[in-house]
Protein chains: 2
Amino acid sequence: MTTSQTSMTIGTLAKMADTHVETIRYYQRRGLVEVPEKAYGGIRRYDEKAVARLHFIRSAQWLGFSLEQVGELLKLEDGTHCDEARVLAEHKLGDVRRRIAGLRQMEATLDDLVERCRCSRDPQRCPMIHSLYTDLSDAPENSDT
Amino acid sequence: MTTSQTSMTIGTLAKMADTHVETIRYYQRRGLVEVPEKAYGGIRRYDEKAVARLHFIRSAQWLGFSLEQVGELLKLEDGTHCDEARVLAEHKLGDVRRRIAGLRQMEATLDDLVERCRCSRDPQRCPMIHSLYTDLSDAPENSDT
DNA sequence: TTTGACTCCGTAGTCAGGTACGGAAGTAAG
DNA sequence: CTTACTTCCGTACCTGACTACGGAGTCAAA
């Protein structure tokens, strides 16, 4: 079923996009995915574009965009608002970089702690516990979009 | 008020830790912050350790740990069992490293997108929008603890 | 034609992480 | 001593992103 069949029900769409029917409906309610007209009989049909759009949403989400931001991104979809899209992405990039920096600090600290803990021959005094409060108190301020 | 005054009310604590009274109470309900005994009169008093703990929670959270995980991290404080603490920390370290790897991918993707977007001289085709539909469809699945 | 799976749609529930409300009691300044 | 601000505590509410439920209609195979 990896083949391109250009007319599917919502269940098939869900499978194709590796998500759930209820999630798609939820995106429809949020205006992120359009609700196609009903064919005769009352069953709505979806095409490849719908699959692509779900991929888009998933990708953007994976990059750290909230559904609201995904909505903004989708408004720029026609490709004529490149600048705006870029600015949005730049903000996110800054955020991601700050997160990486923070995690690297955390990594170094934990790594050091584990190392010292492993070498400590005094079972009564865990070096890690001691450090948790003293070393780590100065976190970068939160600056999300 | 940056000076170390070692006895403050919850309101002052909130200001010192740049958070809100209600948030602190919420952390207390979740067992992340201890509830000190009431002094005469019934007003609880907090010290520098409480400030440090709040900073710790905020830092860890910013680094992407859930409050539940923060709780585990904080449990390291209680046990004199260095081994257990170390194992937990090692686990967290792996977690942190996976996070970093994920974020680095994210960084590369965004960076590339922004760059291509900046260089594009065709106002009709935004490279970022385009890639969201095509490139990014294979996001790594969430592999959190 | 009956059975079973799927669809439609609305509403409700879940989980994380808070935020707000409200009344009683403590506390500090004038 | 009054007035205004805090604190305390319990409970309720909120946002984001789903997830579940239920009843009615649709469809395809046996």
Side-chain angles (χ1 to χ4, degrees), chain A residues 1 5 7-47 50 53-54 56-74 92 139 142 144-145, chain B residues 1 5 7-47 50 53-54 56-74 139 141-142 144-145:
Chain A
M1 203 176 266
Q5 47 163 314
S7 177
M8 49 194 136
T9 67
I10 198 169
T12 312
L13 173 61
K15 261 162 218 148
M16 297 277 285
D18 191 30
T19 180
H20 305 281
V21 170
E22 293 310 319
T23 304
I24 296 170
R25 292 204 202 283
Y26 173 66
Y27 291 163
Q28 290 178 330
R29 287 200 293 282
R30 298 215 30 162
L32 299 176
V33 167
E34 74 166 312
V35 184
E37 286 308 307
K38 285 183 186 176
Y40 277 114
I43 304 288
R44 303 182 194 282
R45 300 241 137 214
Y46 300 82
D47 58 9
R53 172 152 285 208
L54 287 171
F56 181 102
I57 296 171
R58 267 166 49 87
S59 306
Q61 255 188 321
W62 180 71
L63 289 177
F65 292 97
S66 67
L67 287 186
E68 174 141 6
Q69 290 173 321
V70 172
E72 285 172 44
L73 237 28
L74 283 169
K92 221 61 208 176
N142 190 352
D144 247 351
T145 307
Chain B
M1 200 176 270
Q5 48 162 318
S7 177
M8 50 195 135
T9 66
I10 198 170
T12 312
L13 173 62
K15 263 162 216 148
M16 297 278 285
D18 192 29
T19 180
H20 304 280
V21 170
E22 293 311 319
T23 303
I24 295 170
R25 291 202 202 286
Y26 174 66
Y27 292 161
Q28 290 178 331
R29 286 198 295 279
R30 295 213 36 159
L32 300 177
V33 167
E34 73 165 313
V35 184
E37 286 308 307
K38 285 184 186 177
Y40 275 115
I43 304 288
R44 302 182 194 284
R45 299 243 138 213
Y46 300 83
D47 58 8
R53 174 155 281 210
L54 286 171
F56 181 87
I57 295 171
R58 272 165 50 84
S59 309
Q61 246 187 328
W62 185 77
L63 292 176
F65 289 95
S66 68
L67 288 186
E68 177 141 4
Q69 290 174 323
V70 172
E72 283 174 46
L73 238 28
L74 285 169
E141 295 314 309
N142 194 353
D144 257 350
T145 306

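Lettering of chains follows the sequences in order, A, B, ..., and the numbering in each one begins at 1.
- Atom CD in A:Glu72 sits about 12 Å away from atom P in D:dG16, given to the nearest Å.
- The side chain of B:Thr23 approaches C:dG18 more closely than any other nucleotide in the set D:dT19, C:dG18, C:dC9.
- None of B:Ile24, B:Leu67, B:Leu73 except one satisfies the side-chain contact (heavy atoms from CB on, under 4.5 Å) rule with B:Ile57; the exception is B:Leu67.
- Atoms CD (B:Gln69) and C1' (C:dG17) sit 14 Å apart, rounded to a whole Å.
- Heavy atoms only, all atoms of each residue included: B:Leu74 and B:Arg53 are closest at CD2-NH2, 3.5 Å.
- Two residues are said to be in side-chain contact when any heavy atoms from C-beta on lie closer than 4.5 Å; A:Val35 and A:Arg44 meet this criterion.
- The CD atom of B:Glu37 sits 14 Å away from the C1' atom of D:dC8 (whole-angstrom rounding).
- Nearest heavy-atom pair across B:Ala60 and B:Val70 is CB-CG2, 3.8 Å.
- Scanning all heavy atoms of the two residues, the minimum distance from A:Pro36 to A:Glu34 falls at CD-O, 3.4 Å.
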### Message
The test is side-chain contact (heavy atoms from CB on, under 4.5 Å); show your working for B:Lys15 and B:Met8 and say whether it passes.
### Response
CA-CA 10 Å; B:Lys15 263 162 216 148; B:Met8 50 195 135; over 6 Å; no
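- Within the nucleic acid shown, A:Arg30 comes within 4.0 Å of sugar-phosphate atoms alone, with no base atom in reach, counting heavy atoms only.
- Here the nucleotide nearest the side chain of A:Arg25, chosen from D:dT19, C:dC9, D:dC8, is C:dC9.
- A:Ser66 has no side-chain polar atom (N or O) that falls below the 4.0 Å cut-off from OP1 or OP2 of D:dG16.
- Counting to the nearest Å, the P atom of D:dT6 and the CZ atom of B:Arg45 are 14 Å from each other.
- Note that the two end axes of the helix from C:dT1-D:dA30 to C:dG30-D:dC1 enclose an angle of 0°, each drawn from 5 base pairs, rounded to 10 degrees.
- Closest to the side chain of B:Ile43, out of C:dC8, D:dC8, D:dC18, is D:dC8.
- Counting only heavy atoms from C-beta on, B:Leu67 has its side chain closest to C:dG17 among C:dG17, D:dC8, C:dC6.
- The B:Gln61 side chain lies nearest to C:dG17 when the options are C:dG17, C:dC9, D:dC9.
- Within the 4.0 Å cut-off from OP1 or OP2 of D:dG25, not a single side-chain nitrogen or oxygen of A:Lys38 is found.
- Regarding B:His20, its NE2 atom lies at a distance of 17 Å from the C1' atom of D:dT7, rounded to whole Å.
- For the pair A:Tyr26 OH and D:dC18 P, the computed distance is 7 Å after rounding to whole Å.
- Residue A:Arg29 is in base contact, counting any heavy-atom pair closer than 4.0 Å across all strands shown.
- In plain terms, the two heavy atoms of A:Thr9 and A:Tyr46 that are nearest each other are C-CD1, 4.0 Å.
- Nucleotide D:dA17 holds its P atom 17 Å from the CD1 atom of A:Ile24, rounded to whole Å.
- Regarding contacts with the backbone of D:dA17, every side-chain N or O of A:Tyr27 stays at 4.0 angstrom or more from both OP1 and OP2.
- Taking each heavy atom of A:Arg58 and A:Ala17 in turn, the nearest pair found is CD-O, 3.7 Å.
- Considering only side-chain atoms of A:Ile10, the nucleotide from C:dT7, D:dC8, D:dG16 that sits closest is C:dT7.
- Rounded to whole Å, atom P of D:dG10 lies 12 Å from atom CD of B:Glu22.
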